[in-house]
Every structure is written in structure tokens, then in C-alpha cells.
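Quick notes on the structure that follows.
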Amino acid sequence: MNKNIYLVVVNYNSTDLIERLIKSCGSISNIFCQFVIINNSPEDDTIKTLESEKVFVLETEKNIGFGNGCNVGLNWIWKRDRNAIVWLINPDTILPKNTLEQVEPFFSQYAHISILGTVIYTPEEKIWFAGGKFIPSRGAIIEENLIDRASEEPYVICDWISGCSLLINFEKFSICPQFDPQYFLYYEDFDFCQRYRQEGHQIAITDRMAIVHYPSSITNRNIQKKLEHSTYSYLLTLNKYAPLSIFLFRFFRVFIYGLILLPIKPQISLGKLMGISRYLRQLL
């Protein structure tokens with residue numbers, strides 16, 4: 001039986017970007033494909049202009065972050081179609097021609113894969129992401145081009161994949177997969193993969209499908225806030241998955257670096273220090 005495909009996009013004042021993403025899919029008549037937009041900016045009425053038979057908008061009362069926004073979409077789809085393939089995809093991306101036609105055949109052939117990442121290219125056709133590794137003994141969360149090593153293999157098993165382009169095979173889950181609600185932005189994709197990997201799920205990346213990403217066109221609008229979120233999430237993640245000694249070493253390194261930058265780059269410094277403060281408040 002053919003699987004239905006749902007593309008989940010979390011919107012934060014990104015109507016123009018999402019419209020470009022939808023248009024990049026072209027006209028699709030031979031597969032069931034629906035966009036589910038989570039509107040994390042309720043004041044943005046323009047997102048409603050994109051609604052159609054294949055584009056559904058779910059409203060939130062406020063900005064609840066990327067992971068929680070994805071959870072809203074995942075829960076909505078799970079109630080309607082537990083055999084679905086869900087593609088979490090960033091607004092600032094486009095799909096190359098005929099990409100969606102590759103999704104269902106791939107999962108039909110490799111049905112054991114629970115979570116799949118795609119290669120992500122920049123507009124200049126350079127690889128932006130092609131696999132993730134984690135080295136707990138160093139607390140190292142690494143992006144590494146695993147695809148080039150795989151030669152002609154259809155996919156490569158990896159530790160984590162980017163939430164910019166992440167496909168979930170609902171058929172492999174007995175309950176609806178969820179992101180940890182403690183995360184607002186950054187590292188929630190790593191945590192998502194680690195948790196389900198520890199449960200025995202197969203996580204892989206493939207070059208049979210790819211997207212084009214326009215990096216940081218959204219998050220770079222506010223550098224200080226971006227660094228606050230990334231620092232907080234980084235510390236939260238290391239505390240969960242790295243040895244205590246490694247966590248403490250990296251915690252104090254981030255703290256000292258933040259202090260050093262204060263007179264030189266105050267915006268960057270304040271972002272890091274606010275992220276540390278938020279993490280410590282969370283512990284209490």
C-alpha cells in the first residue's frame with residue numbers, strides 16, 4: 001500500500017519562504033502529498049493566504065519553538081494517518097524537481113529505516129549537511145560527509161541528522177514520535193535522533209533525495225537570541241549524553257569565552273551568557 005507524504009513546516013514570519021518551497025514541488029498528481037504548516041507567529045496573517053486543498057495551517061497561541069511546533073504537526077498527522085511518511089523541512093529550503101516522487105519508493109524498499117535524513121545543498125551546489133556523528137567521550141557533535149564514503153550505497157547509518165530535512169516513517173513507531181519539549185531551538189534534532197537510536201530505531205542519511213537550503217536566512221535575524229538558544233540547548237544536550245567531566249569542561253569553556261568576548265563582541269557574549277543563565281535556571 002502506498003504511503004501518504006506530509007511535509008511539516010514550522011513558520012515564523014516566513015510566508016514568502018514557505019510559498020517558494022511549496023512552488024518548488026511543482027504539480028503532483030500521482031502521489032498524496034500535503035503541507036502542514038505550524039504557525040509559530042500567530043500575528044502573521046499572511047500565512048493563511050497559502051491554505052489550499054493540499055496546504056493546511058495549524059495555529060499556535062505563541063512561538064513555541066521548532067521542536068514543539070513539530071510536535072503539533074506530528075500529533076495532528078498521527079491521529080489521521082499512522083502509516084504516513086512525515087518530512088520535517090525548513091521554510092528556507094526548496095525541493096529539486098521530482099524529489100517527492102523518490103520518497104515512497106525509497107521507504108518501500110528500505111522499510112526498516114525509522115528516521116531518514118537527506119543530503120542538504122547550498123544554492124551554490126555545495127554540501128551543507130551529509131551526516132552527523134557523536135563522540136560521547138569528547139562531547140563532540142560533528143557534522144561529517146558520510147555520503148562520499150558510501151560510494152554507491154543507497155544510505156548510510158549515522159548518529160544524527162539535521163532537522164532541516166528529516167523524514168519519519170510512522171510505521172516503525174508504536175506511539176507518536178516527539179521532540180523533547182525542553183528544547184526551543186537548536187540540538188533538538190540531535191536529541192530526537194539519540195533518544196530513538198537508543199530505543200533501537202535505524203537512523204540513516206541518503207543522497208537519493210536532497211534539498212537546497214538557504215542557510216540562516218531566518219535565525220540570523222537576531223544573533224543574540226540565536227546564541228542564547230544554541231548555548232542553552234548545547235549545554236542541555238551535553239548534560240544528557242556526555243560524561244560529567246566532559247560536560248563540566250565544556251560548560252566552563254563556554255562561560256569563560258563568553259566573558260572574554262564581553263568588551264569585544266557584546267552581542268555575541270550576551271547571547272552566550274544568557275544561554276548559560278537560562279540553563280542554570282532550568283536546573284533549579
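When reading the values below, keep in mind they use all heavy atoms of this one structure, side chains included, and skip hydrogens, waters and symmetry mates.
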- prompt: Hey, does the side chain of Gln198 reach the backbone of Tyr196 with a donor-acceptor pair shorter than 3.5 angstrom?
  reply: no
- request: Classify the ring geometry between Tyr110 and Phe106 as parallel (under 30°), tilted (30 to 60°) or perpendicular (over 60°).
  value: tilted
task: Compare every heavy atom of Ile161 with every heavy atom of Gly117, then report the nearest pair and how far apart it is.
output: N-CD1, 3.1 Å
- prompt: Judged by modelled atom types alone, do Tyr279 and Ser233 share a side-chain donor-acceptor pair under 3.5 Å?
  reply: no
- request: Decide, yes or no, whether a salt bridge links Asp16 with Arg20 under the criterion of side-chain N to carboxylate O below 4.0 Å.
  value: no
statement: CG (Leu273) and CG (Leu261) are apart, to the nearest 0.5 Å, by 9.0 Å
query: Hey, are Tyr12 and Asp44 close enough side-chain-wise for a donor-acceptor pair under 3.5 Å?
result: no
query: How far does CZ of Phe107 sit from CD1 of Ile168, to the nearest 0.5 angstrom?
result: 9.5 Å
message: Show the nearest heavy-atom pair for residues Thr206 and Arg208, with the distance to one decimal.
response: OG1-N, 3.0 Å
message: Would you say that more than 12 heavy atoms from the other residues, nucleotides or ligands in this model lie under 6.0 Å from the CZ of Phe255, or not?
response: no
query: Would you say the side-chain atoms of Asn40 pair up with the backbone N or O of Gly65, donor to acceptor, closer than 3.5 Å?
result: yes
task: Assess the side chains of Glu104 and Asn4: does a donor N or O sit below 3.5 Å from an acceptor N or O?
output: no
query: When you measure from the side chain of Asp180 to the backbone N and O of Tyr183, does any donor-acceptor pair fall under 3.5 Å?
result: no
- request: Apply side chain to side chain contact (heavy atoms under 4.5 Å, CB included) to the pair Phe35 and Cys25, showing each step before the final yes or no.
  value: CA-CA 11 Å; Phe35 274 88; Cys25 296; 3.6 Å; yes
Under 3.5 Å donor-acceptor, Asp191 side chain and Tyr187 backbone: no
task: Using the side-chain contact (heavy atoms from CB on, under 4.5 Å) rule, pick out the option among Leu166, Val8, Ile211 that qualifies with Trp87.
output: Ile211
- prompt: Is a side-chain donor or acceptor of Thr49 paired with a backbone partner of Thr46 at a separation under 3.5 angstrom?
  reply: yes
Main-chain N/O of Leu259 paired to Ser269 side chain as donor or acceptor, under 3.5 Å: no
field: Side chain Asn98, main chain Glu101, donor-acceptor under 3.5 Å
entry: no
message: Hydrophobic clusters here meaning ILVMFWY residues chained together by side-chain heavy-atom distances under 4.5 Å, can you tell me if Met274 and Phe251 are in one?
response: no
field: Closest contact, heavy atoms only, Phe247 versus Leu235
entry: CE1-O, 3.5 Å
statement: Distance col, row Asp81:CG vs Gln34:CD, nearest 0.5 angstrom, shows 10.0 Å
- prompt: When clusters are formed by joining ILVMFWY residues with side-chain heavy atoms under 4.5 Å apart, either directly or through shared neighbours, do Ile205 and Ile157 land in the same one?
  reply: yes
- request: Would you please classify the geometry between the Phe129 ring and the Trp160 ring as parallel, tilted or perpendicular, with 30° and 60° separating the classes?
  value: tilted
message: Would a single hydrophobic cluster contain both Tyr232 and Phe249, if residues Ile, Leu, Val, Met, Phe, Trp and Tyr are joined by side-chain heavy-atom contacts under 4.5 Å?
response: no
- prompt: Would you find a donor on one side and an acceptor on the other, under 3.5 Å apart, between the side chain of Ser41 and the backbone of Glu43?
  reply: no
message: Would you say the ring centers of Phe173 and Trp78 fall short of 6.0 Å from each other?
response: no
query: Does Leu227 belong to the same Ile/Leu/Val/Met/Phe/Trp/Tyr cluster as Ile264, with side-chain heavy atoms less than 4.5 Å apart forming each link?
result: no
- prompt: Would Tyr234 and Leu270 show up in the same hydrophobic cluster when neighbours are defined by side-chain heavy atoms closer than 4.5 Å?
  reply: no
Test applied, side-chain contact (heavy atoms from CB on, under 4.5 Å); reference residue, Val55; option that passes from Val9, Ile18, Ile22, Ile47: Ile22
Minimum heavy-atom distance between Leu100 and Cys33, given as atom pair plus value: CD1-SG, 3.7 Å
Salt-bridge present (Glu59, Lys48; N to O < 4.0 Å): yes
- request: Please determine if Glu199 and Arg195 form a salt bridge, counting it only when a charged side-chain N lies under 4.0 Å from a carboxylate O.
  value: no
field: Test log, rule side chain to side chain contact (heavy atoms under 4.5 Å, CB included), inputs Phe66 and Tyr186
entry: CA-CA 8 Å; Phe66 175 76; Tyr186 298 110; over 6 Å; no
query: When you check the gap from the basic side-chain N to the acidic O, do Glu228 and Lys272 get nearer than 4.0 Å?
result: no
field: Between Arg80 and Tyr6: side-chain donor-acceptor atoms closer than 3.5 Å
entry: no
- request: Just do the side chain to side chain contact (heavy atoms under 4.5 Å, CB included) check on Thr231 and Ile276 with the steps written out, would you?
  value: CA-CA 7 Å; Thr231 301; Ile276 292 172; 4.0 Å; yes
- prompt: With side chains defined as the heavy atoms from C-beta onward, is the minimum distance between Lys240 and Gln194 less than 4.5 Å?
  reply: no
field: Backbone of Val212 reached by a side-chain donor or acceptor of Thr93 within 3.5 Å
entry: no
- prompt: Ile77 and Ala84: which non-hydrogen atoms are nearest, and at how many Å?
  reply: CG2-CB, 4.0 Å
message: I'd like to know if the side chain of Thr99 reaches the main chain of Met209, judged simply by a donor and an acceptor atom lying under 3.5 Å from each other, with no hydrogens or angles considered.
response: no
